[in-house]
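Contents: one structure, followed by commentary.
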2 protein chains.
Amino acid sequence: MLDEAISKRKRTRIQTVNREAILQAALSVFSAYGYRGATLDEIAEKAGMSKPNLLYYFPRKKSLYVAVLEETLAQWLAPLAAMKADGDPADELSRYIDAKIAMSRDNPAASRLFASEILQGGGAITEFLHGPLKAIVDEKSRIIADWIAAGRLRPVDPRHLIFMIWATTQHYADFDVQVRAVLASDDEGRFKHASETIRRVVLEGLLPR
Amino acid sequence: MLDEAISKRKRTRIQTVNREAILQAALSVFSAYGYRGATLDEIAEKAGMSKPNLLYYFPRKKSLYVAVLEETLAQWLAPLAAMKADGDPADELSRYIDAKIAMSRDNPAASRLFASEILQGGGAITEFLHGPLKAIVDEKSRIIADWIAAGRLRPVDPRHLIFMIWATTQHYADFDVQVRAVLASDDEGRFKHASETIRRVVLEGLLPR
DNA sequence: GTGAGATTTGACCATTTAGTCAAGTTTTCT
DNA sequence: AGAAAACTTGACTAAATGGTCAAATCTCAC
């Protein structure tokens, strides 16, 4: 009755509030334990309501998971979508790296949720991976290839360059515990240093001399 | 009676065989679902024995998990430990990148297990992270800093450089599903291209000109 | 203010899961 | 061969978990 039905019809005030609370709680629990390891009891408690009430809004564990995931994916794509062909390669790459590092800093749970889903096989987002994600990577790879052809960037496989940026930036969200353990006591500047290091290595490595 | 006791006493032939089968099955299941999401039933089945028999060898889920993790951690540290101060920076970094990419190619489950544990908070390996791991990173960071001081490498924060190499190389194991989705149909050369791209960017970015 | 519809939850159920146990079977050592 | 030790498992338990349901409470347009 709800879920699908509700998402079409306009939402009541209470629905808006509760859905938001649930999605937020679900993000934190799913990202911490993965789909299988997460429990509805824990999510319900974090959202401040009973489990049956949670199930009133999302009638299946899976539908809740998918809802959280969908919210995350859009967010995830946005910065890459912003990369413009007519910009300066150095500026565009720099901006992209910064945007991704900012995401790791400001919304690590989203990054971890995505990582967890991929780690566990990505079964819930196969369509996304082979559809929108592949499409945008193809598009941006063409832009990078053009920069290279125009001599504005040194030769590099565009797709693997994109992987490099994903990997290095997301590392600071996904592997936060490890990063903190290795760095001097809870280095507050770690995101700034990360961004600087990544930008320096990537740009010095790829800008023409 | 077993577990701790057995690990001291010398192992029988059957113990050797079964422990190995269990550890391998456990690696595959834990790495796929995380600690909470993994079930002993599934591990036992994959190892080809009954659950009580599995529990004969590892009396707790946790002790099995820790055992698998320990095997993995040693493997994980080895390549970094091999980085020598008196080598050529280009060679040493190159070798390290290759070794890590080889690990991602040949033992992705180990990489994923580690990733999964860190993602889930790293509670089972806090000691490892703050002990041996931090120690070796400190040691190798000093080597890198010396290279920089000697003008053999351009200035970069050594620790973040190490993070970059970890992130980029492990990406090909941990995010394999995503990598495959984005690359042309199951690109068989992806590990070679990855290694080339990472080496090129890192070395061009950091070697003095 | 009131009633139709929206929201909430206690009690419950079936299944899954980590872990136990006693009774068996197999291996090993002499 | 024969006994001790090692190994194996069917049957079980208690707790956790996803999900149901009917009865109660709350909200809001009229």
Side-chain angles (χ1 to χ4, degrees), chain A residues 1-23 25-30 32-69 120 123-124, chain B residues 1-23 25-30 32-69 120 123-124:
Chain A
M1 197 238 268
L2 267 273
D3 196 34
E4 189 56 30
I6 255 183
S7 65
K8 297 293 175 190
R9 218 179 302 147
K10 68 171 176 262
R11 296 198 182 122
T12 68
R13 181 182 53 82
I14 294 176
Q15 272 166 43
T16 312
V17 170
N18 281 351
R19 270 186 66 99
E20 198 42 53
I22 293 170
L23 287 172
L27 173 61
S28 108
V29 176
F30 280 128
Y33 299 114
Y35 177 70
R36 274 215 212 183
T39 75
L40 293 183
D41 285 292
E42 193 171 339
I43 296 172
E45 195 192 5
K46 263 202 172 134
M49 71 187 63
S50 66
K51 183 168 58 170
N53 201 17
L54 184 161
L55 285 161
Y56 172 71
Y57 291 95
F58 297 91
R60 310 260 142 217
K61 186 186 186 185
K62 195 93 193 194
S63 64
L64 173 55
Y65 184 62
V66 169
V68 185
L69 218 35
Q120 314 208 350
Chain B
M1 197 236 266
L2 267 272
D3 197 35
E4 189 56 31
I6 254 183
S7 64
K8 297 292 177 193
R9 218 179 302 148
K10 68 170 175 263
R11 295 196 182 123
T12 68
R13 181 183 52 82
I14 293 177
Q15 273 167 43
T16 314
V17 171
N18 281 350
R19 270 184 66 99
E20 197 43 52
I22 292 170
L23 287 172
L27 173 60
S28 110
V29 176
F30 280 129
Y33 301 114
Y35 176 71
R36 275 217 211 181
T39 74
L40 293 183
D41 286 291
E42 193 171 339
I43 296 172
E45 195 192 6
K46 264 206 171 132
M49 69 187 63
S50 66
K51 184 169 57 171
N53 201 17
L54 183 160
L55 285 161
Y56 173 71
Y57 291 96
F58 297 90
R60 308 260 143 218
K61 187 186 186 184
K62 196 94 194 192
S63 65
L64 173 54
Y65 184 63
V66 169
V68 185
L69 218 36
Q120 314 206 351

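Convention: sequence-line order gives letters A, B, ...; per-chain numbering from 1. Just so we're clear, the structure is a prediction, and the values are computed from it rather than from any experiment.
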The nucleotide from C:dA18, C:dT9, D:dC7 with an atom nearest the side chain of B:Asn18 is D:dC7
Rounded to whole Å, CZ of B:Phe58 lies from P of D:dT8 at a distance of 13 Å
(message) Using a 6.0 Å cut-off, check whether atom CD of B:Glu42 has over 12 heavy atoms from anything other than its own residue.
(response) yes
Separation of C:dG19 atom P from B:Leu64 atom CG, nearest Å, is 10 Å
- Query: When we call it a touch if two heavy atoms are under 4.0 Å apart, what does A:Ala44 touch: a base, just sugar-phosphate, or nothing?
  - Reply: nothing
ask   = Within less than 4.0 Å of OP1 or OP2 of D:dC28, is there a side-chain N or O belonging to A:Arg13?
value = yes
Flag, side chain of B:Lys61 to backbone of B:Ala38, donor-acceptor distance under 3.5 Å
yes
Worksheet item: Parallel, tilted or perpendicular: which describes the rings of A:Phe30 and A:Tyr35, with under 30° parallel and over 60° perpendicular?
Response: parallel
Minimum side-chain heavy-atom gap A:Thr39-A:Tyr33 below 4.5 Å
no
Rounded to whole Å, the NZ-P distance (B:Lys51 to D:dA14) equals 15 Å
When A:Pro52 and B:Ile14 are each assigned the nearest nucleotide of DNA chain C, the 5'-most assignment goes to A:Pro52
Item to complete: Tell me whether the OP1 or OP2 atom of C:dA6 has a side-chain N or O from A:Tyr57 closer than 4.0 Å.
Response: no
Which of D:dT9, C:dT8, D:dA6 is nearest the side chain of B:Gln15? It is D:dA6
| said: Just so I know, are the side chains of A:Tyr65 and A:Arg60 near enough to count as touching, which here means a heavy-atom distance under 4.5 Å? | reply: no
When rounded to whole Å, the CG to P distance for the pair A:Leu54 and C:dG10 reads 14 Å
When rounded to whole Å, the CG to P distance for the pair B:Leu55 and D:dC7 reads 15 Å
Taken to the nearest whole Å, OH/B:Tyr56 to C1'/C:dA23 is 15 Å
Testing C:dA6, D:dT9, C:dA18 for proximity to the side chain of A:Thr12, the answer is C:dA6
Between CG of B:Asp41 and P of D:dT9 the distance, given in whole Å, is 14 Å
### Message
Ignoring hydrogens and geometry beyond distance, is the side chain of B:Lys61 in donor-acceptor contact with the base of C:dG19 at under 3.5 Å?
### Response
no
So what does B:Thr39 touch, heavy atoms closer than 4.0 Å: a base, only the sugar-phosphate, or nothing?
-> sugar-phosphate
Rounded to whole Å, the CG-P distance (A:Asn53 to D:dC26) equals 13 Å
| task | Answer yes or no: does a side-chain N or O of A:Arg60 lie under 4.0 Å from OP1 or OP2 of D:dT20? | result | yes
